[in-house]
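Report on the structure given below.
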Amino acid sequence: MKYNVKIYENNQGHLMADVPDEIYLVLNVLLSDIQEDVSGLWLDAVNDVLSKRSSYEEVAGNVCVMEVKEDVTKIVFNFAEEDEEDHCFIETEELKKIFMLWDEAIEKKYGESD
């Protein structure tokens, strides 16, 4: 994996993640939109594009919108302040790896999921 991503349980027993600054909005997707669940439709959208079933997918969550293209995915933060950066880019294949890490952590914490 290109990025140093760490997924762990904090002192309150909640899953958390550390991601590099250049992909900081991935954290919002994980903690605010996916939360303590498997990545489901977020990962499905990535897989659909990577497998060429689709050339573009868009998923909107509570705080972020993910615009998936084959090479790169744009994550847009819906509530950015005027002077705040409102998006970041991540290689789509790398985002898939992060979602899979998240799903592994969820399955480890809660058991197998459907």
Task: Donor-acceptor side-chain pairing of Y24 and E22 below 3.5 angstrom - done: no
Task: Distance, nearest 0.5 Å, that separates CG of L30 from CE of M16 - done: 10.0 Å
- [ ] Please answer whether the main-chain N or O of K69 pairs with a side-chain N or O of T92 as donor and acceptor at a distance below 3.5 Å.
- [x] yes
Open item on the list: Measuring from atom CD1 of I106 to atom CD of Q35, what distance do you get when rounded to the nearest 0.5 angstrom?
Closed with: 10.0 Å
- [ ] Determine whether F77 and V65 make a side-chain contact, defined as any pair of heavy atoms from C-beta on separated by less than 4.5 Å.
- [x] no
- [ ] Measure the CD-NE2 distance between E67 and H87 for me, rounded to the nearest 0.5 Å.
- [x] 9.5 Å
Open item on the list: Please check this pair: side chain of W102 against backbone of D37, looking for a donor-acceptor N/O pair closer than 3.5 Å.
Closed with: yes
Open item on the list: Quick check: do I90 and I98 have side-chain heavy atoms less than 4.5 Å from each other?
Closed with: yes
Task: Cluster link V5 to F89, ILVMFWY, side chain under 4.5 Å - done: no
Open item on the list: Working to the nearest 0.5 angstrom, can you tell me the gap between M100 CE and E104 CD?
Closed with: 6.5 Å
Open item on the list: Measuring only between side-chain heavy atoms, which start at C-beta, is D33 closer than 4.5 Å to W42?
Closed with: yes
- [ ] Give a yes or no on whether N4 atom CG has more than 12 heavy-atom contacts from other residues, nucleotides or ligands under 6.0 Å away.
- [x] no
- [ ] State plainly whether one hydrophobic cluster holds both V76 and V19, where clusters connect Ile, Leu, Val, Met, Phe, Trp and Tyr through side-chain heavy atoms under 4.5 angstrom apart.
- [x] no
Task: Backbone N/O of C64 and side chain of N28: donor-acceptor pair under 3.5 Å - done: no
TODO: Over all heavy atoms of both residues, which pair between I7 and A17 is shortest? Give the atoms and the distance, please.
DONE: CG1-CB, 4.1 Å
Task: side chain to side chain contact (heavy atoms under 4.5 Å, CB included) evaluation trace for N47 with R53 - done: CA-CA 8 Å; N47 283 333; R53 284 190 295 267; 4.2 Å; yes
Open item on the list: Tell me whether D103 contacts the main-chain N or O of S39 through its side chain, where contact means a donor paired with an acceptor under 3.5 Å.
Closed with: yes
Open item on the list: Does Y56 form a side chain to side chain contact (heavy atoms under 4.5 Å, CB included) with V49? I'd like the steps, not just the answer.
Closed with: CA-CA 6 Å; Y56 174 83; V49 172; 5.6 Å; no
Open item on the list: Does N62 form a side-chain hydrogen bond (donor to acceptor under 3.5 Å, both in side chains) with S32? I'd like the steps, not just the answer.
Closed with: CA-CA 7 Å; N62 295 325; S32 297; over 6 Å; no
Open item on the list: Less than 4.5 Å apart, side chain to side chain, heavy atoms only: is that true for I34 and F99?
Closed with: yes
- [ ] Apply salt bridge (Lys or Arg N to Asp or Glu O under 4.0 Å) to E36 and list each qualifying residue two or more places apart in sequence or on a separate chain.
- [x] K109
Open item on the list: Any non-hydrogen side-chain atom of L15 less than 4.5 Å from a side-chain atom of Y8?
Closed with: no
- [ ] Could you tell me the separation between the CG atom of L95 and the OG1 atom of T73, rounded to the nearest 0.5 Å?
- [x] 5.5 Å
TODO: Calculate, to the nearest 0.5 Å, the distance between atoms NZ and CD belonging to K74 and E58 respectively.
DONE: 10.0 Å
Open item on the list: For E82, I'd like to know if atom CD has over 12 heavy atoms of other residues, nucleotides or ligands within 6.0 Å.
Closed with: no
Open item on the list: Has E84 got a side-chain atom pairing as donor or acceptor with E81's backbone, closer than 3.5 angstrom?
Closed with: yes
Open item on the list: For a side chain to side chain contact (heavy atoms under 4.5 Å, CB included) check, start with the C-alpha distance between L25 and V29, then their side-chain angles and the critical distance, and finish with the verdict.
Closed with: CA-CA 6 Å; L25 287 175; V29 171; 5.7 Å; no
- [ ] Give a yes or no on whether the backbone of K6 and the side-chain of D18 come within a donor-acceptor separation of less than 3.5 Å.
- [x] no
Open item on the list: Please determine whether side chain to side chain contact (heavy atoms under 4.5 Å, CB included) holds for the pair D44 and E57, giving the CA-CA distance in whole Å, both sets of side-chain angles, and the decisive distance to 0.1 Å.
Closed with: CA-CA 9 Å; D44 290 347; E57 292 290 326; over 6 Å; no
Task: Minimum-distance pair of heavy atoms, taken over all atoms of A45 and V68 - done: O-CG1, 4.2 Å
Open item on the list: With a 4.0 Å cut-off on N to O distance, would you call K2 and E93 a salt bridge?
Closed with: no
Open item on the list: Please determine whether residues V72 and I75 belong to a single hydrophobic cluster, defined as Ile, Leu, Val, Met, Phe, Trp and Tyr linked transitively by side-chain heavy-atom distances below 4.5 Å.
Closed with: no
